[in-house]
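Here the structure is a predicted model, which is why all the values come from computation and not from measurement. Convention: sequence-line order gives letters A, B, ...; per-chain numbering from 1.
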Protein chains: 2
Amino acid sequence: MNAHTPTVTVGELPASKKVHKPGQLHPELRVPMREISVHPSAGEPPVTVYDSSGPYTDAMGKTEIERGLPRLREAWIEARGDVERYEGRTIRPEDNGFVSADRVTPEFPVRNRPLRATGGRAVTQLAYARAGMITPEMEFVAIRENLGREQLRSKLQRDGESFGAAIPDFVTPEFVREEVARGRAIIPSNINHPESEPMIIGRNFLVKINANIGNSAVTSSMAEEVEKMVWAIRWGADTVMDLSTGRNIHNIRDWIVRNAPVPIGTVPLYQALEKVGGIAEDLTWEVYRDTLIEQAEQGVDYFTIHAGVRLPYIPLTVDRVTGIVSRGGSIMAKWCLHHHRESFLYEHFEEICDICRTYDVAFSLGDGLRPGSIADANDRAQFAELETLGELTKIAWAKDCQVMIEGPGHVPMHKIKQNMDKQLAVCGEAPFYTLGPLTTDIAPGYDHITSGIGAAMIGWFGTAMLCYVTPKEHLGLPDRDDVKTGVITYKIAAHAADLAKGHPAAKVRDDALSRARFEFRWEDQFNLSLDPETARAFHDETLPKEAHKVAHFCSMCGPKFCSMRISHDIRAEAQKEGLAAMAAKYRDGGDLYMPVENSTESTTT
Amino acid sequence: MNAHTPTVTVGELPASKKVHKPGQLHPELRVPMREISVHPSAGEPPVTVYDSSGPYTDAMGKTEIERGLPRLREAWIEARGDVERYEGRTIRPEDNGFVSADRVTPEFPVRNRPLRATGGRAVTQLAYARAGMITPEMEFVAIRENLGREQLRSKLQRDGESFGAAIPDFVTPEFVREEVARGRAIIPSNINHPESEPMIIGRNFLVKINANIGNSAVTSSMAEEVEKMVWAIRWGADTVMDLSTGRNIHNIRDWIVRNAPVPIGTVPLYQALEKVGGIAEDLTWEVYRDTLIEQAEQGVDYFTIHAGVRLPYIPLTVDRVTGIVSRGGSIMAKWCLHHHRESFLYEHFEEICDICRTYDVAFSLGDGLRPGSIADANDRAQFAELETLGELTKIAWAKDCQVMIEGPGHVPMHKIKQNMDKQLAVCGEAPFYTLGPLTTDIAPGYDHITSGIGAAMIGWFGTAMLCYVTPKEHLGLPDRDDVKTGVITYKIAAHAADLAKGHPAAKVRDDALSRARFEFRWEDQFNLSLDPETARAFHDETLPKEAHKVAHFCSMCGPKFCSMRISHDIRAEAQKEGLAAMAAKYRDGGDLYMPVENSTESTTT
């Protein structure tokens with residue numbers, strides 16, 4: 001422990017216990033879930049929820065930031081016998097942006113020699129899936145996605161519109177394998193990030209969310225970024241992208257990856273640009289390639305690669321209202337234009353695949369030409385690039401690389417579905433990973449909301465992972481509060497999408513919370529919510545006393561006007577008399593009582 | 001001015017000027033709009049936006065809370081020659097919930113004798129519309145809805161999916177009249193609320209939002225509620241509902257109505273219940289009827305009437321997860337059940353119509369059986385009531401009363417459209433006015449967001465007015481900050497809906513803000529946003545200096561990684577060379593350059 005070691009937020013969430021479920025094919029698996037217990041008066045079992053927060057929320061777990069997390073997957077990786085340890089690349093001054101000695105972020109204290117595939121093999125989950133192997137990662141994911149819903153078999157209600165997705169009642173390890181083999185889902189799992197708990201991104205699984213963190217040249221530090229990562233997953237981020245730019249980029253990333261139980265994504269171009277002093281024209285394939293290897297050795301699980309920003313598409317952006325708004329996209333466009341050459345990412349794409357298959361780094365094919373305003377949505381530039389991403393997907397798949405596709409951006413509601421439909425059509429059902437989309441441009445400061453609307457909709461339509469947008473979007477770098485707001489907003493969007501798609505058991509949590517609400521179990525209502533702290537604080541602003549936590553009203557309506565309280569009276573009255581008899585009487589009654597059955601059946605649409 | 005006079009927020013919004021446009025049929029009209037000016041370097045005219053904030057944001061206007069607003073419509077009303085002044089009902093102790101002298105909210109200092117229709121006439125905008133009259137209210141609304149888009153004729157783009165709405169390029173006074181005459185739109189305008197600036201609620205007009213305010217027995221005061229009203233309209237609320245319960249309800253409402261430039265809605269049942277000591281069973285038609293007249297004389301513009309909660313529907317709610325969650329609905333259900341009688345609201349509905357037509361109070365037919373949880377969405381109870389609301393609509397229309405229909409509630413995304421479609425079908429296209437809907441139950445503390453998602457969608461599908469939900473929903477009474485957050489969230493939802501429906505000129509503000517963003521006109525970006533204060537504050541957290549307001553980057557990406565900055569470089573480079581030539585070269589080029597036209601056209605779906 002030294003003065004530089006970041007402090008992170010640890011501890012269980014209220015009324016929550018981390019449990020671990022074993023595997024069957026791989027009995028050594030310990031798949032984490034969170035059980036939220038409810039008051040004994042409810043007579044209900046705990047509610048099991050998906051838990052991406054890692055050991056930080058485990059009362060039994062110990063985390064030491066300067067040592068990193070336990071290397072959960074190491075034995076699984078080595079057991080496959082297709083990797084070797086090697087010295088790895090030497091860290092160079094440019095890796096940290098030539099930072100001066102007095103401003104350098106300390107190196108992470110532990111150095112592990114990296115692994116790589118032997119003999120040109122693909123060590124990707126896709127390669128294993130195609131070979132018919134069910135890896136521990138795949139079984140882990142299957143157990144994790146089910147959330148114990150085997151036990152709810154009798155209660156499952158398949159009620160939703162999935163737009164052609166193929167969501168099973170129960171996720172089996174074999175189903176996971178099939179989906180990965182078909183390229184419809186990915187399990188980002190760099191062999192050099194054995195600390196990560198496997199998770200899956202695909203249309204037939206729970207909708208996931210990504211949180212972006214990372215410093216910029218203007219603000220933030222390593223300690224802040226590590227805490228942002230831990231904080232983001234505490235509230236439910238499924239993956240985290242480190243979008244750091246500026247100096248110290250290598251060392252900051254090391255601290256993040258070694259302490260991340262979730263997959264970490266990056267945009268390698270950002271670091272490559274730092275290595276050439278921020279001059280886009282000076283980028284070369286060699287610098288970029290070297291950066292890919294550097295990051296693959298560190299354990300980055302997915303790379304955003306803007307290989308679809310092709311030279312001929314750049315003129316298509318010139319009449320746009322907001323030009324090119326992707327950082328990576330604009331850098332590549334500038335390079336292409338300056339050199340009057342096709343993008344080196346496009347030209348060297350197969351070599352990039354060769355690197356990715358050596359470490360199992362998944363592709364996140366970047367949408368460098370995504371629209372940055374309502375005016376530019378669904379234009380030729382955007383869709384030309386998307387088609388190229390479809391081509392590149394086939395190339396990556398041929399190399400056994402895992403692929404997902406990034407999507408927009410700023411899109412009004414009536415143009416959202418076209419994005420999803422086109423992506424499914426041209427990218428062979430590779431998972432879609434969208435930023436928002438933002439459904440209007442007029443609310444900077446609230447773009448978590450403008451985009452949360454679009455995210456919920458596109459998640460329903462089939463997007464597999466939603467990249468969050470924070471309230472600071474367009475205005476500044478998000479701080480810790482912004483990260484939390486962004487994550488909670490996107491958990492809402494993802495869950496609303498799961499409900500609408502008809503994910504089995506998605507409604508279990510809604511129903512448990514609604515019952516708690518109806519029965520005035522205030523503590524349960526807080527604990528079952530996405531953000532128990534905020535729910536409790538809001539309640540306590542007006543009714544702070546402990547006695548109010550069992551009160552049959554709140555300050556919104558007060559006791560006399562509490563509809564739920566009155567509903568209980570109604571229910572009690574109905575039970576006194578016998579509900580069936582009462583209903584019968586109403587139906588049989590005189591002129592006063594209209595026949596219920598007829599009145600409702602005749603006009604139900 | 002005395003110690004009790006509330007202080008309200010006044011003053012123009014940044015870079016904004018209130019302008020007033022005259023009428024043609026009624027040249028005396030002064031229709032308010034807000035012009036947001038942009039930096040001269042943009043070379044652009046000001047952006048005109050809808051302005052519901054009244055004289056409080058008029059630099060030239062003077063507001064004195066203890067005198068009330070100018071009585072704008074008084075001359076128009078009197079000129080129609082169909083009303084008379086009369087003494088009005090005497091205020092009684094029960095009107096303020098038998099409040100003790102030491103706790104009474106002072107009476108509003110000015111008392112105007114109320115107006116009523118003479119000779120059993122209907123003095124409603126619907127009656128006038130049917131008679132072929134274009135009232136000043138109708139022309140006012142037409143001018144207001146257009147926002148000067150006559151001048152944008154050449155720029156209008158009709159790009160949207162309106163699901164069968166009939167949105168015109170320009171709103172004429174005659175179009176307003178027709179829509180009102182057909183019952184497809186309402187102009188809430190009680191003849192005793194002449195302070196209100198006419199506005200319209202209908203599917204073929206801009207989507208509107210309502211903000212709920214009001215004290216409860218547990219918290220809040222008159223001064224707070226008046227300021228909440230002024231604050232809500234400052235940020236864009238189009239109507240305000242005063243949902244006060246508890247004591248002082250009459251006097252608080254007087255202060256609100258006399259100072260409200262927007263229509264005020266209430267749920268008269270709340271006050272009626274206070275008059276009978278909070279015992280639902282003790283309610284009588286006579287008490288209720290007296291309350292309607294009391295509030296109609298005060299100037300309430302629309303009444304929520306839960307006349308669709310019929311005795312035979314109550315058994316349908318008993319197996320629900322959350323029973324009856326509407327306050328009014330639960331009160332009526334309890335009354336019905338206790339007396340084993342049909343609802344007195346249903347039985348006396350025609351008499352209610354007679355009161356409403358005497359003052360032009362619009363109906364907001366309440367959805368007392370709306371679902372309070374995802375589990376209860378779209379159930380038999382809900383739709384049985386909706387069908388009854390359809391029946392009641394016809395009765396009210398036969399009496400020349402204006403009607404809108406309230407809608408849910410808690411509804412997952414895949415069940416939202418069914419609500420809209422069924423409402424259109426059974427209620428003869430009367431305007432729909434929905435609360436949210438909330439698309440999941442699991443996020444108390446964030447229900448402005450869970451519901452903002454549903455609100456944007458149902459607004460797109462055709463809902464005419466969206467009732468906001470604040471972050472405090474389910475947890476407590478909203479304070480001033482919550483009101484603002486709720487209003488801004490719902491302005492986002494309404495605007496996103498307008499964009500998606502293809503409202504002419506809706507995109508003008510998005511485009512202006514996006515151009516400001518692209519051109520690093522930071523001040524313009526703040527000023528054009530829904531909440532300039534927050535946008536500026538967020539920006540200034542990391543880059544507070546004035547110099548940064550013209551910087552070609554922000555702290556999010558820093559200068560080197562600013563995609564927009566790079567886009568400008570690209571554009572400059574393109575212009576140097578001649579964009580057309582460049583594009584041609586790319587198209588004609590060798591193997592390196594793929595033919596753009598073919599590549600995009602071949603796969604555009």
Less than 4.5 Å apart, side chain to side chain, heavy atoms only: is that true for [X] and [Y]?
X	Y	answer
A:Glu387	A:Tyr313	no
B:Arg327	B:Thr245	yes
B:His414	A:Asp159	yes
B:Tyr446	A:Thr534	yes

Which portion of [X] sits near chain A, non-hydrogen atoms under 4.5 angstrom:
X	value
B:Pro471	both
B:Leu513	side chain
B:Ser326	backbone
B:Arg517	side chain
B:His474	both
B:Glu541	side chain
B:Asp376	neither
B:Leu273	side chain
B:Ile570	both

Could you check whether any side-chain N or O of [X] sits under 3.5 Å from a backbone N or O of [Y], counting only pairs where one atom can act as donor and the other as acceptor?
X	Y	answer
A:Ser162	A:Lys501	no
B:His568	B:Phe518	yes
A:Ser567	B:Ile324	yes

Top contributor to chain A contacts, counting heavy-atom pairs under 4.5 Å, from [options]:
options	answer
B:Leu386, B:Ile492, B:Leu438, B:Ile331	B:Ile492
B:Ala333, B:Ser373, B:Pro444, B:Ala456	B:Pro444
B:Ala497, B:Ala493, B:Gly454, B:Ala496	B:Ala496
B:Thr489, B:Ile488, B:Asp540	B:Ile488
B:Gly445, B:Gly452, B:Gly476	B:Gly476
B:Asp498, B:Leu528, B:Asp479, B:Ile449	B:Ile449

Salt bridge (charged side-chain N to carboxylate O under 4.0 Å, His left out) between A:Asp531 and A:Lys491: does it pass, once the steps are laid out? CA-CA 10 Å; A:Asp531 180 0; A:Lys491 286 298 281 184; over 6 Å; no

Considering all heavy atoms of both residues, which atom of A:Ile453 and which atom of A:Met413 are nearest to each other, and what is their separation?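 Smallest interatomic distance, heavy atoms only, reads CG2-SD, 4.1 Å.
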
Where is the tightest heavy-atom contact between A:Leu316 and A:Ala381, given as atom of each residue plus distance?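 Closest pair (atom of A:Leu316, atom of A:Ala381, distance): CB-CB, 3.8 Å.
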
Between [options], which shows the greatest number of heavy-atom pairs under 4.5 Å with chain B?
options	value
A:Gly328, A:Ala535, A:Ala375	A:Ala535
A:Thr322, A:Ile416, A:Ile374	A:Thr322
A:Glu473, A:Arg565, A:Arg536, A:Arg515	A:Glu473
A:Ala443, A:Ala512, A:Pro478, A:Ser514	A:Ser514
A:Thr450, A:Val321, A:Ile279, A:Thr439	A:Val321
A:Arg509, A:Gln525, A:Glu161	A:Arg509

Going by distance alone, is a donor N or O of one side chain under 3.5 Å from an acceptor N or O of the other, for A:His448 and A:Asp482?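 No donor-acceptor contact under 3.5 Å links the two side chains.
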
Do B:His410 and B:Asp441 pair up side chain to side chain, a donor and an acceptor below 3.5 Å, judged on atom types alone?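 Yes - a donor-acceptor pair under 3.5 Å links their side chains.
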
Per-residue contact mode, A:Lys507 against chain B (heavy atom under 4.5 angstrom):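 Contact with chain B involves the side chain of A:Lys507 alone.
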
Using the six-membered ring wherever Trp is involved, compare the ring planes of A:Trp522 and A:Phe526 and label them parallel, tilted or perpendicular (cut-offs 30° and 60°).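 Answer is tilted, since the angle falls between 30° and 60°.
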
